[in-house]
Amino acid sequence: MDLSAWWMPFTANRQFKSDPMLLARAEGMHYFTPEGRPVLDGVAGLWCVNAGHGRREIVDAVAKAITELDYAPPFKIGHPYAFSAADALKAILPPSFSNVFFVNSGSEAAETALKIARAYHIARGQPDRVWLVGRERGYHGVNFGGISVGGIPHNKAAFGPLLREVDHLHHTHDLDRNAFSRGQPVEGAELADDLLRIIDVHGAEKIAAVIVEPMAGSTGVLPPPKGYLERLRDITSEHGILLIFDEVITGFGRLGAAFVAQRFGVEPDMIAMAKGMTNGVIPMGGVAVQGHVHDALMRGPAGTIELMHGYTYSGHPAASAALMATLKIYAREQLFERARSLEAYWEDAVHMLRQAPNVIDVRNIGLVGGIELNPLEGRPGARGNDVYRRAFDNGLLTRVTGDTIALSPPLIVTEQQIDEIVEKLGNAIAASSKELE
Ligand SMILES: Cc1ncc(COP(=O)(O)O)c(C=O)c1O
C-alpha cells in the first residue's frame, strides 16, 4: 500500500510513514491489525466509540437512511431524520435545554457555540460583550475560534494572529496539591475565582462567554476540582456571562451520566458535543442551548434568518439516523449507568499503576484515566510516546498527550478487560523505563 498521499492529521507524517501502525477491522472491544492481531481498545477509538465497535444496528440505520434519502439540504427546508434526531437528543438533556444546532465535528460545535454566544448578546442589545474566555490547557478543536480560546500553545504557534478579544483562566492541574487524587481533586475550587481577575481587567459588560471542558481531556485528563464548576457557574450567572461546557469528550456517558449537568448538577447555558453522538460511525456534532439562549435570538421581522450560520451537512440523514440508533443502544443497554457503576472498580484498577516506575500521577473520573509519567530530561513527550507504542505492540490502544497516557475504554468494557488494560499498560511502562534509563 502506498502511504504517501494522505497527509495525516496530528501525526508526525514522515516518522509514521517510515514505521506505520495500521488498524484494519474492529469488533466489540477490539481492533485488529491487517495481520489479524487483536488490539484491546483502551480509548474508545478516540473517545468516541462508547458502545463498542461493530454495532450492526447503527450501520443498518445509516444504510436505510441514505438509501431512502441520500442527502437533503438543511437550509430553508427540512427532513424527518434531523427533526426526529433533535427530539431524541433533547430527551436526554436537562429539561432547560430546548434546542439543538447540528454540526459535523467537535471543532464545529465549539465554533458554533462561540458564535451563538456573541450573537446572543448582540440580539439582547449588549453588542460590547465580545470577549471570549477559555482556559489554559483547554482544547476546543482546531478552527480559528477554537484555537483562540484553547489553551495549548503548540496548536496556535504556526498560524499567525488569532481572535483578539480572548483571555484565559488559569488551568486546574496542580500536582503539588492533588497528585494521585481519586475522582475529583479536593483542592482547587478557588481557581474558578480567576474569572474575577479577568472580569476586573476587561469588565463583565464586555465578556460574552466562558468556555471550558468540564474535564479537560486532550491535555491529559484533568478532572474538575470539587466545587470548581459550581463556582464558575455562580460567577458567570452573577455577571450575565454565558457558560459553555465543551462536552465533546465528557458527553454520552463518559462520566457516568448523559452530560456533566446530570453528573454534577451544574447546568451551563450551552453544551458543545460530538464524539459519542454516533458512536464514531458517522461524523456529527451539535450545540444544545437552553431556552433563554434560543429565544433571545428568535426575533426580527418575519422571514429573518435568525442565525447566519450552518453547514451543508448539518443534520445529514445518515448522521441523524446514526445518532438515533446510538441513543437507543445507550438507553437499552443502560451504558451511562454502567459506566457509573464500573467507576469504583476502574478507579482501583488504574490507581494500581501508581506502583509502576516513573509514574508521577494517576487521575480518574467516570471511565477515564490519566497516567502521567516523569518526562525524560530535555525530551518532553518521548517517554509517553515510547509507552504508547509499546502498549500498542503489546495489544493495547491508548492515547498519549505529552507524557500522559489517557484511557477511556468503550462503556461495554468488562472488569476482566479493565484488568487487562492495566496489566498491558503497566508492562509497557515497566519495559519502557528499563529501556530508556
Ligand atoms: C473537548 C473537545 N472539543 C473539541 C474537540 C474537537 O473535535 P473534532 O476533532 O471532532 O473536531 C475535541 C476533540 O478531541 C475535544 O476533546
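Just so you know, these numbers come straight off a predicted model, no measurement behind them. Counting starts at 1 for both ligands and their atoms, in listed order.
- Between Phe245 and Phe259, a ring centre-to-centre spacing not shorter than 6.0 Å is recorded.
- Residue-to-ligand polar distances keep Trp47 apart from ligand 1: every N/O pair is separated by 3.5 Å or more.
- Residue Glu247 does not touch ligand 1, judged by heavy-atom distances below 4.0 Å.
- One distance of note links NE2 of His173 with CD of Glu372; it measures 4.0 Å at 0.5 Å rounding.
- Remark: ligand 1 and His140 share no N or O pair separated by less than 3.5 Å (distance only, no angle test).
- Among the atoms of Glu108, none of the N or O lies under 3.5 angstrom from an N or O of ligand 1.
- Taking 4.0 Å as the cut-off, Ser218 counts as a neighbour of ligand 1 on heavy-atom distance.
- Glu347 has no carboxylate O lying under 4.0 Å from a charged side-chain N of Arg363, or vice versa, which leaves the two without a salt bridge.
- Shortest contact from atom 4 (C) of ligand 1 to any protein heavy atom: Gly141 N, 3.5 Å.
- In the vicinity of Ser105, heavy-atom distances shorter than 4.0 Å reach the ligand 1 atoms 10 (O), 11 (O).
- Judged purely by distance below 3.5 Å, without hydrogens or angles, the side chains of His30 and Asp41 never pair a donor atom with an acceptor atom.
- Near Ile249, meaning under 4.0 Å from any of its heavy atoms, are these atoms of ligand 1: 16 (O).
- Electrostatic pairing of Arg383 and Asp386 does not count as a salt bridge here, judged by no charged N lying under 4.0 Å from a carboxylate O.
- Closest to atom 12 (C) of ligand 1 among all protein heavy atoms lies Tyr139 CE2, 3.4 Å.
- Between Asp19 and Arg389, at least one side-chain nitrogen of the basic residue sits less than 4.0 Å from a carboxylate oxygen of the acidic one, meeting the salt-bridge criterion.
- Tested against Leu407, the residues Val221, Val43, Val350 include a single side-chain contact (heavy atoms from CB on, under 4.5 Å) partner, Val350.
- Nearest to atom 11 (O) of ligand 1 by heavy-atom distance, out of Pro9, Ser107, Pro283, is Ser107.
- Nearest-residue assignment for atom 8 (P) of ligand 1 (options Gly106, Gly146, Pro214; heavy-atom criterion): Gly106.
- Gln290 and Ser98 are not linked by any side-chain donor-acceptor pair at a separation below 3.5 angstrom, with hydrogens and angles left out of the test.
- Listed by atom number, the atoms of ligand 1 under 4.0 Å from Lys275 heavy atoms are 13 (C), 14 (O).
- Which parts of ligand 1 touch Glu213 is read off a 4.0 Å heavy-atom cut-off, strictly below it: atoms 1 (C).
- Heavy-atom contacts from other residues, nucleotides or ligands closer than 6.0 Å to CZ of Arg14 number 12 or fewer.
- What sits closest to atom 3 (N) of ligand 1 on the protein, heavy atoms only, is Asp246 OD2, 2.7 Å.
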